Amino acid sequence: MPALAPPRYMSRFRCIAERCEDSCCAGLTVPVSPPQARRIRDALGDTAPLSEEDPSLGAVLRMRPDGGCALLDAERLCSLQRHHGEALLPDICATFPRVVTRWGERWELAGTLACPEVARLCLLAEDAFHLEAAVPPASLLPRPDVARAIEPGEAWTAHAETVRDALLRWLDRRTHPLASRIALLGHFAHAVEDVYFQGTRASREALQAHLDAALQHFDRADTQQAVHQDFAPLALPGAPSVGLFASILRARMAALRGPRFRALAHGVLTSLGLDTDDPERLEAAWRLHDARWRHLTGTHGARLDQVFRHYALHAVWRTPFTDAPTLLGYVFRLALRLGLLRFVLMGHPRVEALHLAPATPEASASLDLAVVETFQLVARHVETSPEFLTLARGLEGTGRGAQTLGKTLVFASF
Ligand code: SF4
């Protein structure tokens, strides 16, 4: 089996088990394949907490009313693993929080930020994205076969690694603020959208020539400077985005019983004065958000920059853009998620307490706690939720054209 090069945040990862502030499965859907469901039924009989509408399609594990898995014991450890061993676990439980992608013959490892320990390692360590020496996949992965595969057979995927390398390179280039780098990604995606999309019929050669020219153009320092100069002075209204993000939190609070997420969402809405959905309050909430962001940029700017940059790098590394129908749609969603995370972080009660406070080691430690809680709970309870995905799809439209680019810039500038 070919070697796998893990980023440092994943080579460092060790599950912290009973010291973890969450559990792997809380609030998530756990699919179980038909053979795995049969084995669990054989072991647990009628007590197997499986819901299966159509056994040929597999099942999902039933969750308790508080959102935790029915198989967690009193110590919040998995009773299935404890009594029957790792082999009986569904794939997602055996591999969580690891996410593996096979690009042709090459394997890549990422982690999900839904795990608090992965979120800490990925967002807070400066060298989180340093690539380690390659190792055999089996030494890092319990089930190496459970990997998403990207086959470079068609034009869309054949050029994907080159395009993704450019996205990662531009996101990591710190000459301009991250918001301007997201704008750059948006402009690049818009520039190639006529020929480069899922299902494109352009020949590989024609596509190669088109992409090479666009990559060369957007790689140039003067192009990046021009995008930044056009984008940075834009003063886009923030109140509509505040209303949108607040409505997402409210929808998730109504759908979820997870106490950690509900406490965070309630704290965010209260601290920004959005505890009722009175539209009159949006402008004031936006001004508060903006004031906190400006203050924090002055006191903890380097930390904020690292955290959001690592989030963006992680997103592009973990979820290949080839999953989306268009590159611009993918960049739009990244900008939308970044905007949502900024909103939740600026509303976090710890950040409220840091507003106007000086930069001290205690303040930095408190900001780090707020960051991990925000990014982890949003990854677990919002980013893949039906409410958020439906909203993102609606806003994204066709995932092409000046309108989608415009919306990308709105959320990038939030
Ligand atoms: S969420 Fe992460 S750290 Fe927590 S128990 Fe699961 S794997 Fe371990």
Side-chain angles (χ1 to χ4, degrees), residues 7-22 97 111-130 132 171-181 245 259-261 263-273 285 287-315 337-381 414:
R8 190 157 283 167
Y9 77 91
M10 284 312 290
S11 67
R12 283 182 177 142
F13 171 76
R14 303 285 177 278
C15 172
I16 55 172
E18 64 282 357
R19 287 185 291 118
C20 180
E21 58 267 55
D22 215 322
T112 164
L113 301 187
C115 162
E117 184 62 3
V118 170
R120 260 185 293 277
L121 294 167
C122 173
L123 300 170
L124 303 185
E126 226 171 277
D127 60 352
F129 284 90
H130 176 86
E132 306 281 21
L171 284 173
D172 207 24
R173 194 175 284 169
R174 280 160 257 176
T175 328
H176 300 113
L178 179 63
S180 296
R181 278 129 62 194
F245 295 143
R260 290 185 66 233
F261 175 77
L264 173 66
H266 179 74
V268 168
L269 295 174
T270 306
S271 102
L272 289 170
R287 282 200 300 272
L288 200 51
H289 176 287
D290 194 44
R292 287 182 193 169
W293 179 260
R294 284 173 195 275
H295 175 74
L296 225 56
T297 306
T299 49
H300 303 274
R303 191 54 146 183
L304 278 187
D305 175 70
Q306 175 186 307
V307 162
F308 282 93
R309 174 166 42 87
H310 281 202
Y311 175 82
L313 290 170
H314 164 267
R337 294 200 306 274
L338 284 164
L340 172 67
L341 284 163
R342 267 198 296 271
F343 170 77
V344 178
L345 186 61
M346 289 308 105
H348 196 294
R350 282 184 179 277
V351 169
E352 180 184 19
L354 292 178
H355 186 44
L356 303 183
T360 59
E362 293 74 28
S364 304
S366 188
L367 176 62
D368 284 354
L369 289 173
V371 160
V372 171
E373 189 175 42
T374 295
F375 283 68
Q376 187 253 326
L377 288 174
V378 168
R380 179 175 290 255
H381 294 293
F414 177 76

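Owing to the predicted nature of the structure, the values given are computational and were not obtained by experimental measurement.
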How many angstroms lie between CG in Leu369 and CZ in Arg350, if you round to the nearest 0.5 Å?
4.5 Å
For His289, what residues pass the ring pair (Phe, Tyr, Trp, His ring centres under 6.0 Å) criterion, not counting sequence neighbours?
Trp286, Phe414
Between Ala125 and Arg12, which heavy-atom pair has the shortest distance, and what is it?
CB-NH1, 3.6 Å
Kindly determine whether Ser271 and Arg292 satisfy side-chain contact (heavy atoms from CB on, under 4.5 Å), including the steps that lead there.
CA-CA 11 Å; Ser271 102; Arg292 287 182 193 169; 2.9 Å; yes
Between Thr270 (side chain only) and Gly267 (backbone N and O only), is there a donor and an acceptor less than 3.5 Å apart?
no
Pairs satisfying salt bridge (Lys or Arg N to Asp or Glu O under 4.0 Å), at least one member in residues 360-373, at least two apart:
Arg303-Asp368
Tell me, please, which residues at least two apart from Arg380 pass salt bridge (charged side-chain N to carboxylate O under 4.0 Å, His left out).
Asp22
Look only at the side chain of Tyr311 and the backbone of Arg337, and say whether a donor-acceptor pair between them is shorter than 3.5 Å.
no
Between Arg181 (side chain only) and His176 (backbone N and O only), is there a donor and an acceptor less than 3.5 Å apart?
yes
For Leu354 and Ser366 the tightest heavy-atom approach is CD2-CB, 4.5 Å
Tell me if a side-chain donor or acceptor on Arg120 pairs with a main-chain N or O of Val372 at a distance below 3.5 Å.
no
Kindly determine whether Glu352 and His355 satisfy side-chain contact (heavy atoms from CB on, under 4.5 Å), including the steps that lead there.
CA-CA 5 Å; Glu352 180 184 19; His355 186 44; 5.8 Å; no
Using side-chain hydrogen bond (donor to acceptor under 3.5 Å, both in side chains) as the criterion, list what pairs up with Thr299, not counting sequence neighbours.
none
Does any N or O in the side chain of Gln376 come within less than 3.5 Å of the main-chain N or O of Cys115, such that one atom is a donor and the other an acceptor?
no
Minimal heavy-atom distance between Tyr9 and His314, with the atoms involved, is OH-CD2, 3.2 Å
Could you state the interatomic distance from CG (Leu377) to CD (Glu21), rounded to the nearest 0.5 Å?
8.5 Å
Nearest-0.5 Å distance, CG of residue Leu264 to CZ of residue Arg260
8.5 Å
Donor-acceptor contact below 3.5 Å, side chain His310 vs main chain Phe129:
no
Would you please name every residue forming a ring pair (Phe, Tyr, Trp, His ring centres under 6.0 Å) with Phe13, sequence neighbours left out?
none
Start with the C-alpha distance between Val118 and Thr112, add both sets of side-chain angles, then the distance that settles side-chain contact (heavy atoms from CB on, under 4.5 Å), and finish with yes or no.
CA-CA 7 Å; Val118 170; Thr112 164; 6.0 Å; no
What's the shortest heavy-atom distance between Leu123 and Val371, and which atoms?
CD1-CG1, 4.0 Å
Report the C-alpha distance between Glu117 and Leu121 in whole Å, list the side-chain angles of each, state the deciding distance to 0.1 Å, and finish with yes or no for side-chain contact (heavy atoms from CB on, under 4.5 Å).
CA-CA 6 Å; Glu117 184 62 3; Leu121 294 167; 4.2 Å; yes
So which heavy atom on Ser11 is nearest to which on Glu132, and how close?
OG-OE2, 2.7 Å
Under the ring pair (Phe, Tyr, Trp, His ring centres under 6.0 Å) test, which residues partner Phe343, sequence neighbours left out?
Phe245
Mind telling me whether Phe261 and His381 have parallel, tilted or perpendicular rings, with 30° and 60° as the class edges?
tilted
What's the separation between atom CG in Leu341 and atom CE in Met346, rounded to the nearest 0.5 Å?
10.5 Å
Kindly compute the distance separating CG (Leu345) from CG (Leu338), expressed to the nearest 0.5 Å.
12.0 Å
Gap between atom CG of Asp172 and atom CG of Leu313 - 0.5 Å precision:
5.0 Å
Nearest non-hydrogen partners of Ala363 and Pro358, listed with the distance:
CB-O, 3.8 Å
